[in-house]
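Structure, as structure tokens:
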Number of protein chains: 2
Amino acid sequence: MVKITDVARRAGVSPSTVSYALSGKRPISAATRQRVEAAARELGYRPHAGARALASSRSNVLALVVPLRAGIHVPVVMQFAVSVVTAARRHDHDVLLLTQEEGEDGLRRVTDAALVDALILMDVQLHDPRLPLLRSLGRPSVMIGFPRDSTGLTCIDLDFRAAGERCVEHLAGLGHRVVALVGSPPEVYVRGTAFAQRVVQGFTAAADRAGLASAVHPCEATPAAARQVAEKLLHEQPALTGVVVHNEAVLEPLIDAFEHLGLRVPDDLSVTAICPDELAESLDVTSVALPSAEVGERAVELLMSKLAGDVVPETTLLPPELTGRASTAPRPA
Amino acid sequence: MVKITDVARRAGVSPSTVSYALSGKRPISAATRQRVEAAARELGYRPHAGARALASSRSNVLALVVPLRAGIHVPVVMQFAVSVVTAARRHDHDVLLLTQEEGEDGLRRVTDAALVDALILMDVQLHDPRLPLLRSLGRPSVMIGFPRDSTGLTCIDLDFRAAGERCVEHLAGLGHRVVALVGSPPEVYVRGTAFAQRVVQGFTAAADRAGLASAVHPCEATPAAARQVAEKLLHEQPALTGVVVHNEAVLEPLIDAFEHLGLRVPDDLSVTAICPDELAESLDVTSVALPSAEVGERAVELLMSKLAGDVVPETTLLPPELTGRASTAPRPA
DNA sequence: ATGAAAGCGCTAACAA
DNA sequence: TTGTTAGCGCTTTCAT
């Protein structure tokens, strides 16, 4: 193994100069820096991570806690994880993968052992049991999603309220007057994943503002439930021409159900969704995407700022972007 | 931060005794061990990972390199990653997540820096450019999948040859006499991902052995290609009653295509697949699963053995398990 | 069965 | 602008 003293000897300087030249933590003359860099390159020097962590009390590793729970869309998690790793690497950090299963002990373990400098948590619940721990851990963290009370913490997510609004505005702009939201399964609202409720708020507020008639229907994640909701919708709102779907599992079955009931999409009925882009694209449905890659990147940027001692906003809401596809059209005459 | 000297003081022993009591690396009297354990527990002692790594030249971290390439089934990767983390934790190790994108430099970086003790690589190609590096890295590694030449390396995967055989045997056992394999896109065979070719070998060998008429058709990963293959199959093998599909993207479209052509599954045609269990289950198709969780677990076990200095087999082939579902039935009379 | 002490390789405070 | 040096917290020889 090649160590800092080897580099120092070859460059004809002291070890500390090598350290400083490589880290840039104090001014070094251009000439020395170049000699050091050349020596390091020629020898293939890589600082020993453990030694560095011990001396600097920085491991340059971030923890990423991923959920396992059913009902989580796996490709989104993976895409997110990859974007976190990529962003972390740009800042010379690595990523330690933890499963939610390890729970609070896991978080305490990796921070107490100084294995990681900071944490990113996915799948945060309204009353997440990890909140008090995070506040007391003394390490920067960023949560994906919003708990009820985020005081003293840092959260980031798509602005789901605005996403709900954006979908309604799109439909209103196309002349639709009667709209419905097909939402998540009832238990999601009960369990308290904040984003589902925010979509409802945004949807309702935007519909009211635009003077649209509107209704909200939770829906189980099964094709059968989708068919039921489709029928119910048509009975309760015969003039319905616009639907917002926030439930990826039923998007396809729901469209099928509408077409079985004799409604063509988008000729008779416009459909827009809030869902992974992948799915919307494959079904050619107008949608607001869950920007998992951007969330991951931004989460890392936030952590880096916090590690640098900067103060960052407690909450970051990413603006929704709606992509028009073949499932929405002007209201039929 | 609570350190080993704190624990030592509280237990009334020397730091080295604490270290030994906790690691079990030398005999300690029951009484002392208990005092040390109690002290550690009461203080919430966690050894500093960096210090430990520096002193012992073991980081207790494994690297997991995940692929990004298109055509990789994401949920399988995620399931695999989770099983690796879970298995690693059982051995008191953590997992560092690397993307394939970082390439050989990434591998060299984390090993040279002593960030990780060992590596797990997914998505190994027949002539993977990382092979020479792995051989020279001086750290244990396990690859998921088989390169052309695995000398000096450790590989593990589903036994795809046996999987192909198993599917044919299942069909033969149901009385089918004419079978076809719908395989991966042509470029997969060209690019040289070994498993696709092994399925073909197993399929053909088993069909010959059982005296079945058989044919193999590569197939692009599009519904249109699936429809074409379905038609071609029926023209070329009018007596066809059994199909093996090794191409998850076209499984559903292919079944649809057969049914559009007037063939009921399983009444007229039996279909069996080699694909993620998730997909087979949702389509209710008889299948051999890709046992990603088991592969991950076994990969970790292999690494642990290697880290312990044991010699492990160069290749591990997991036996296929076929799960019967509603898509296969006895040959129609 | 236990203790003392020498590093592991690096960073950063202190000196010059 | 550079060098000297004292640790960082742990493991592990070497002694007892």
Side-chain angles (χ1 to χ4, degrees), chain A residues 1-37 39-40 43-61 92 109-117 307 309, chain B residues 1-37 39-40 43-61 92 94 109-117 307:
Chain A
M1 166 185 209
V2 30
K3 40 194 164 193
I4 199 168
T5 50
D6 300 328
V7 179
R9 194 175 322 113
R10 177 177 254 255
V13 297
S14 74
S16 68
T17 297
V18 173
S19 177
Y20 286 123
L22 261 27
S23 73
K25 287 190 183 171
R26 84 178 182 191
I28 295 282
S29 73
T32 338
R33 152 167 296 125
Q34 275 163 22
R35 285 214 319 288
V36 169
E37 279 167 357
L43 296 176
Y45 170 64
R46 313 267 191 190
H48 186 290
R52 183 203 278 266
L54 181 56
S56 68
S57 35
R58 279 295 187 92
S59 67
N60 275 31
V61 175
D92 197 30
R109 182 175 64 80
V110 294
T111 53
D112 284 359
L115 240 183
V116 306
D117 298 332
L307 284 170
Chain B
M1 167 183 208
V2 29
K3 41 193 164 194
I4 200 168
T5 51
D6 300 327
V7 179
R9 195 174 319 115
R10 179 178 254 255
V13 297
S14 74
S16 66
T17 297
V18 173
S19 177
Y20 286 122
L22 261 27
S23 72
K25 288 190 184 171
R26 86 177 180 191
I28 295 282
S29 73
T32 337
R33 154 168 295 126
Q34 276 164 21
R35 286 215 317 290
V36 169
E37 279 167 357
L43 296 175
Y45 169 64
R46 312 264 192 191
H48 186 290
R52 184 202 278 265
L54 180 56
S56 68
S57 32
R58 278 295 187 96
S59 67
N60 275 33
V61 175
D92 197 32
D94 276 285
R109 183 175 64 79
V110 294
T111 52
D112 285 359
L115 239 184
V116 306
D117 299 332
L307 284 171

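Just so you know, these numbers come straight off a predicted model, no measurement behind them. In what follows, every chain begins at residue 1, and chains take the letters A, B, ... in the order their sequences are listed.
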Donor-acceptor pairs are to be reported for all side-chain atoms of residues 16-24 of chain B against protein atoms at under 3.5 Å, with residues two or more places apart or in another chain.
from   : atom 1 : to     : atom 2 : distance (Å)
S16(B) : OG     : S14(B) : OG     : 3.1
T17(B) : OG1    : S14(B) : OG     : 3.2
S23(B) : OG     : S19(B) : O      : 3.1
S23(B) : OG     : K25(B) : N      : 3.2

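If A30(B) and L54(B) are placed on DNA chain C by their nearest nucleotide, the residue sitting closer to the 5' end is A30(B).
Helix-axis bend for the helix from dA1(C)-dT16(D) to dA16(C)-dT1(D): the local axis fitted to the five terminal pairs at one end deviates from that at the other end by 30°, rounded to 10°.
The side-chain contact (heavy atoms from CB on, under 4.5 Å) test applied to D117(A) returns R58(A), S59(A), N60(A), H93(A), R139(A), L307(A), not counting sequence neighbours. Taking A55(A) as the reference, nothing meets the side-chain contact (heavy atoms from CB on, under 4.5 Å) condition, with sequence neighbours excluded. Here R9(A) pairs with D6(A) under the salt bridge (Lys or Arg N to Asp or Glu O under 4.0 Å) rule; sequence neighbours left out. With sequence neighbours excluded, the residues satisfying side chain to side chain donor-acceptor pair (under 3.5 Å) with R109(A) are E102(A), D94(B). In this structure, the side chain to side chain donor-acceptor pair (under 3.5 Å) partners of T32(A), at least two apart in sequence or on a different chain, are S29(A).
Look at T32(A) and you'll find a side-chain N or O under 4.0 angstrom from OP1 or OP2 of dT2(D).
Contacts classified as salt bridge (charged side-chain N to carboxylate O under 4.0 Å, His left out) and involving residues 45-54 of chain B (residues at least two apart or in different chains) are given here: D112(A)-R46(B).
When DNA chain C is scanned in the 5' to 3' direction for atoms under 4.0 Å from non-hydrogen atoms of chain A, the outermost contacting nucleotides are dG9(C) to dC14(C).
Closest approach of G50(A) to A53(B), counting heavy atoms only: CA-CB, 4.4 Å. Heavy atoms only, all atoms of each residue included: A40(B) and V7(B) are closest at N-CG1, 3.9 Å.
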task: Treat primed atoms plus P, OP1 and OP2 as sugar-phosphate and everything else as base, then score nucleotides 10-16 of chain D 5' to 3': B for base contact with protein heavy atoms under 4.0 Å, S for sugar-phosphate contact only, - for none.
output: BBBBB--
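The CE atom of M1(A) sits 12.0 Å away from the CG atom of L43(A) when rounded to the nearest 0.5 Å.
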